[in-house]
Amino acid sequence: MAALPHPFLSGTLLSSSPISPTLPNPSPTTKIHFSLSSLPLKPLPLLRKNRTQLCCAVADVKASPALDHKGGEDDDHKVFVGPTAEEERRREKVVADYDWTEEWYPLYLTRDVPDDAPLGLTVFDKQLVLYRDGTGELRCYEDRCPHRLAKLSEGQLIDGRLECLYHGWQFEGEGKCVKIPQLPAEAKIPRSACLKTYQVTDSQGVVWVWMSLKTPPNPSKLPWFENFARPGFQDMSTTHELPYDHSILLENLMDPAHIPISHDRTDWTAKREDAQALGFEVTERSDRGFAGWWEKAKVQPLSNFLRFEAPCVLQNNREVVSKNGEKNYFTGLFLCRPSGQGKSMLIVRFGGTMRSPLIKLFPQWYFHQNACKVFEQDMGFLSSQNEVLMKEKVPTKELYLNLRSSDTWVAEYRKWMDKVGHGMPYHFGHSTISLPKVPAVVEHAPAGLTAGVSASLPAKGGIGAMHAPNLTNRYFRHVIHCKGCRNVVKAFGIWKNGLSAIAVALAAVAILVSGRQWKALLLVAAAVCSGGAYACSAAIALNTTNFIRTHRRL
């Protein structure tokens, strides 16, 4: 039984969370509250009246003339999200002050930051290098050596200093250059050799970076997640690099309607026959995001609380109060960092104050590979969506048909982009659009035989699924970012090689010995070792090979 890293399976966070995969839905008599984070949006009261009327999002979509509705525009308006075309023409454009650099962005899970090497990361088009110095303190610089622009993330750590591997220049602390091997002994290191530094902080197990070099960090904008600070709260977190824009990733994560179809039978909670109309109620809107309730349309009251917080935080919270008064809190948290044109990095964090004993029966890497499978199920159509947006060069209202009963959060999100998109390097809003000013840069294009084979087997990720550094490859999307999975793959590889060698040796000895019993015993032992080597190989493949849908396996 696998648990998916998605808050929307079967319309409930509880049934989908890997922290509590077997917890049943609350009964009609169960008292339900929701845990709200302390993000800077207007908080909701925990107690609320039973609601029967649903509120839709403000954003709308231009109905396609190809749709044949008997009632014309009026009927379309009942189905699609938003006002009529006439109402939209009367509306004034709402713009909020926004500077994308004056925000905290999630860089990495703290536990996965390597101790012995620098880490290259990006936020929009800004390239950063993150590392731990000799004291274990996190440091973050512009990923560019001032000498000849080489990437410092390609360098190494020498005695806690970051060294550029081009000419050996070394940096420490607040970006100060402390060594230039080619400099004459009597010369002083120039100040211009210093690096641009970014402020980073470790909060609740995540490394956050403040992207402004002019404005001091604003602590009030640093997200704080109340549930993760509760006693007994345990989480399962993974990191994934994905080949599409962060806005498309956020749309996907705030879209519960796609779960029964896209992830049908991925585990026992997702079934395509459960696809149905959903109900939404938007209860908060601000320049920093929006929040509200959602559930299956036939279920009242709405029982899931979703919150989007600028620039890239999405969470689904649920609080269950049992009949004996005991409270349990559950959260699905998504930190979606824009990592360049057509790229994003996602930190997924599922947690709760109640954990199923069944979790202990599975190793952590099993849940991680299952999470990879979920994202691979979405990857094809999300990547194509990214291509269409870049090609068509029009706002989403000209392309999307957002239904009231499934796409309210998507419409809200694109409408929020209209407010603040002018303060971003590029954006795709509901009625506005700002395309990237510079073309995307291909940073690590594989070459030679590896590239040729990789191109011929794109679904598998190339030779051995490990040797082509591209984001269609599970190894480079997840394993290299996860210290636990890296160690597991390495350990399985050692065991596979060892067991294979022992099997060959036992088979050779079996050929040489003359006793029938000894020969049989050695051959059985060789078969067992061969089976163990095969199991290790299968485990490696499970962690590194992309999921392919059955009907696509040609």
Side-chain angles (χ1 to χ4, degrees), residues 4-6 8 100 105-107 121-127 238-259 261-263 308 311-314 334-348 371-396 399-400 402 407 409-411 413-414 416-417 421 424-430 433-436 438-445 454-455 458-459 461 468-478 480-481 546-549 552:
L4 291 179
H6 208 296
F8 301 139
W100 75 271
Y105 290 84
L107 281 182
L121 302 166
T122 58
V123 178
F124 280 113
D125 59 346
K126 300 297 182 183
Q127 296 180 336
T238 63
T239 302
H240 307 267
E241 201 165 3
L242 299 164
Y244 39 84
D245 189 71
H246 81 289
S247 65
I248 292 176
L249 172 61
L250 279 164
E251 275 191 357
N252 177 246
L253 295 172
M254 62 177 64
D255 173 19
H258 85 284
I259 299 299
I261 304 297
S262 300
H263 307 301
F308 167 72
C312 50
V313 174
L314 179 71
F334 303 91
L335 308 177
C336 310
R337 171 165 52 86
S339 57
Q341 296 178 42
K343 295 188 296 184
S344 55
M345 179 169 277
L346 170 65
I347 297 175
V348 184
C372 290
K373 178 168 66 175
V374 172
F375 291 112
E376 286 154 9
Q377 289 173 334
D378 290 339
M379 192 177 302
F381 50 80
L382 294 183
S383 296
S384 65
Q385 181 183 351
N386 196 109
E387 293 173 5
V388 171
L389 287 176
M390 290 296 295
K391 180 180 178 180
E392 296 291 339
K393 298 181 176 61
V394 295
T396 59
L399 300 170
Y400 287 10
N402 284 338
D407 307 311
W409 300 138
V410 173
Y413 174 61
R414 293 300 178 181
W416 175 81
M417 292 284 270
M424 297 181 178
Y426 52 86
H427 81 283
F428 302 93
H430 164 68
I433 185 173
S434 174
L435 295 175
V438 294
V441 176
V442 178
E443 299 176 5
H444 293 287
S454 177
N470 63 75
L471 299 186
T472 61
N473 181 329
R474 181 185 292 190
Y475 185 81
F476 281 89
R477 279 200 331 273
H478 170 69
I480 65 169
H481 298 298
N546 284 9
F547 167 83
I548 307 173
R549 295 188 188 275
R552 302 295 298 174

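Nearest approach of Cys372 to Arg477, heavy atoms of both residues: O-NH2, 4.2 Å. Considering every non-hydrogen atom in both Glu376 and Phe547, the closest pair reads OE1-N, 2.6 Å. Looking at every heavy atom in both residues, His263 comes nearest to Val374 through CE1-O, 3.2 Å. Minimum interatomic distance between His258 and Asp255 (heavy atoms only, all atoms of both residues): ND1-O, 2.6 Å. Counting all heavy atoms, side chain and backbone alike, Gly342 lies closest to Asn386 at CA-OD1, 3.8 Å. Residues Leu253 and Phe375 come closest through the heavy atom pair CD2-CE2, 4.4 Å.
Counting only N and O atoms by type, the side chains of Glu251 and Tyr244 include no donor and acceptor under 3.5 Å apart.
A donor-acceptor pair is defined here as one N or O able to donate and one able to accept, closer than 3.5 Å; no such pair exists between the side chain of Arg337 and the backbone of Met345. Using a distance-only test at 3.5 Å, with no hydrogens or angles considered, no donor-acceptor pair links the side chain of Ser344 to the main chain of Ser339.
Counting only heavy atoms from C-beta outward, the side chains of Gln385 and Phe381 never approach each other to under 4.5 Å. In this structure the side chain of Tyr400 never reaches within 4.5 angstrom of the side chain of Asp407, judged on heavy atoms. Contact annotation: the side chain of Leu121 never approaches that of Tyr105 to less than 4.5 Å [non-hydrogen atoms, C-beta and beyond].
Paired with Cys336 under the rule side chain to side chain contact (heavy atoms under 4.5 Å, CB included), one option of Ile248, Val313, Leu242, Leu249 passes, and it is Leu249.
Ring pair Trp100/Phe124 is perpendicular by interplanar angle, where above 60° counts as perpendicular and below 30° as parallel.
Distance CG/Asp245 to NE2/His427: 11.5 Å, rounded to 0.5 Å. Residue Arg414 holds its CZ atom at 7.5 Å from CZ of Phe428, rounded to the nearest 0.5 Å. Between Lys373 atom NZ and Met379 atom CE the span is 14.0 Å, to the nearest 0.5 Å.
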